[in-house]
There are 2 protein chains.
Amino acid sequence: MFSKACEYGIRAAVYITLQSLEGRRVSVNEIAEEIDSPIAFTAKTLQLLTRNDIIKSVKGPTGGFEIDREEMNNVKLNMIVKAIDGDKIFKGCGLGLKECNANKPCPLHDKFVDIRTNLSKMLGSTSLYELAMGLEVGLTFLKR
Amino acid sequence: MFSKACEYGIRAAVYITLQSLEGRRVSVNEIAEEIDSPIAFTAKTLQLLTRNDIIKSVKGPTGGFEIDREEMNNVKLNMIVKAIDGDKIFKGCGLGLKECNANKPCPLHDKFVDIRTNLSKMLGSTSLYELAMGLEVGLTFLKR
DNA sequence: TATTAATCGGACAAAATTGTCCGAAATAAA
DNA sequence: TTTATTTCGGACAATTTTGTCCGATTAATA
Ligand code: FES
Ligand code: FES
């Protein structure tokens, strides 16, 4: 469904959100440890999120990643997915035709668009804050 | 969503179904031409479907691929996807945890399972015959 | 029987994704 | 000002996915 980079990116963003709620800025090392992901590779995807203004980074000692209290609510998962994986999953054809086009649809088009629309709505309406809340109360987990 | 191999596999299977309805057995060359896919790579994928008893192959002159009139209705897309991509898409965690587990769920679990279930139902209820019918009446297409 | 046309299967090659390493730049604190 | 700690960015490496090639096998037909 999502690329590894995107999976790490979402998990990392949720962890950053959780810690930002406590006012803590977190380093790549801590993040990778807490979400069980390869450090350097995770760093790369966090840079992507930073360049897309989804999270904020601060260099130097006491530096790290954080996200504004307000932004937690504004940032929805579709922004993260789009920043990392592009919009193939939002616009692409399920059977791999060059583009999804209702005027010359593939055999699966109608049924696929249905699923894709639901996925799109779900990702577009799920905020980092919402996901971090489940974590905070110990209902959900970022690693196992 | 699906791998390239899987996309080619489904498109090929639908084309084979369409031609089998006319009593025509088709070669890999014709299939690859009609669905606009790499020949040798498509051949590999068709071997997979053959080994999984999803389509039938006949060697030698006048040989090729076909599917029984009855099987067209029995073969659902989930069988093809499972044969080629395995069951990662049916059982995997959306955020990449080792396994999807409701007892120790990732933050996206509930919402993701929802989507995944819909996808699963859709693939499990869509037959090759059904998809071939859209093609036959010129409503859908396998290449552009 | 010989020829021909098709799938099968394994080895190989190319490209994309995933992952690592290291020096540069920034900045807080001694 | 120096040192230490962090992200940044580019080069590189490993792995997986995608794609190619070719000889072996099968079977129809001349
Ligand atoms: S054309 Fe294939 S999903 Fe729309
Ligand atoms: S645990 Fe992540 S989707 Fe179920």
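Within every chain, numbering begins at 1; the chains are lettered A, B, ... in the order of the sequence lines, protein sequences first and strands thereafter. Bear in mind the structure is a predicted one, so any value in this text is a computation, not a measurement.
- Of all nucleotides listed (C:dT4, D:dG19, D:dT29), D:dT29 comes nearest to the side chain of B:Thr62.
- When each of A:Gln19, A:Arg25, A:Arg24 is checked for a side chain to side chain donor-acceptor pair (under 3.5 Å) with A:Glu30, only A:Arg24 meets the rule.
- In this structure, CZ of A:Phe2 is placed 17 Å from C1' of C:dT17, rounded to the nearest angstrom.
- In this structure, B:Lys82 forms a cation-pi arrangement with B:Phe90, its terminal cationic atom sitting closer than 6.0 Å to the ring centre and no more than 45° off the ring axis.
- To the nearest angstrom, P of D:dA11 lies 14 Å from CD of A:Gln47.
- Regarding B:Lys56, its NZ atom lies at a distance of 13 Å from the P atom of C:dC8, rounded to whole Å.
- Of the candidate nucleotides D:dT7, D:dT18, D:dC21, D:dC21 has the atom nearest to the side chain of B:Ala40.
- In this structure, the CG atom of A:Leu46 is 13 Å from the C1' atom of D:dT6, given to the nearest Å.
- In this model, no donor atom of one side chain and acceptor atom of the other lie less than 3.5 Å apart for B:Lys56 and B:Thr50.
- Nearest nucleotide to the B:Pro61 side chain, out of D:dT5, D:dA28, C:dT20: D:dA28.
- Both B:Thr42 and A:Gly63 sit near DNA chain D, but only A:Gly63 has its closest nucleotide nearer the 5' end.
- Put simply, B:Arg51 has no side-chain N or O that comes within less than 4.0 Å of OP1 or OP2 on C:dC8.
- Among the nucleotides D:dT18, C:dC8, C:dG19, the one closest to the side chain of B:Lys4 is D:dT18.
- Each of B:Val28 and A:Asp85 lies near DNA chain C, and the nucleotide nearest B:Val28 is the one positioned closer to the 5' end.
- The CG-P distance, from A:Leu49 to D:dG9, rounds to 14 Å in whole Å.
- At whole-Å resolution of the value, CG in B:Asn29 and P in C:dT7 are 7 Å apart.
- Annotation: of the two residues near DNA chain C, A:Pro38 and B:Ser27, the 5′-most nearest-nucleotide partner is B:Ser27.
- Among the protein residues, B:Arg25 comes within range of no part of the nucleic acid, since none of its heavy atoms lies under 4.0 Å from any strand.
- In this structure, A:Phe41 places its CZ atom 17 Å from C1' of D:dT7, rounding to the nearest Å.
- Spacing between atom CZ of B:Arg11 and atom P of D:dT18 amounts to 13 Å, rounded to whole angstrom units.
- Comment: B:Asp85 does not engage B:Lys4 in a salt bridge, judged by the lack of any side-chain N to carboxylate O separation of less than 4.0 angstrom.
- Comparing atom distances between the A:Lys59 side chain and each of D:dT20, C:dC8, C:dA25 picks out C:dA25 as nearest.
- Here the side chains of A:Leu77 and A:Leu128 are in contact, with some heavy-atom distance below 4.5 Å.
- Close to C:dG19, at under 4.0 Å from its OP1 or OP2, lies a side-chain N or O of A:Tyr8.
- In this structure, of C:dA29, D:dC21, C:dC8, it is D:dC21 that holds the atom nearest to the side chain of B:Lys44.
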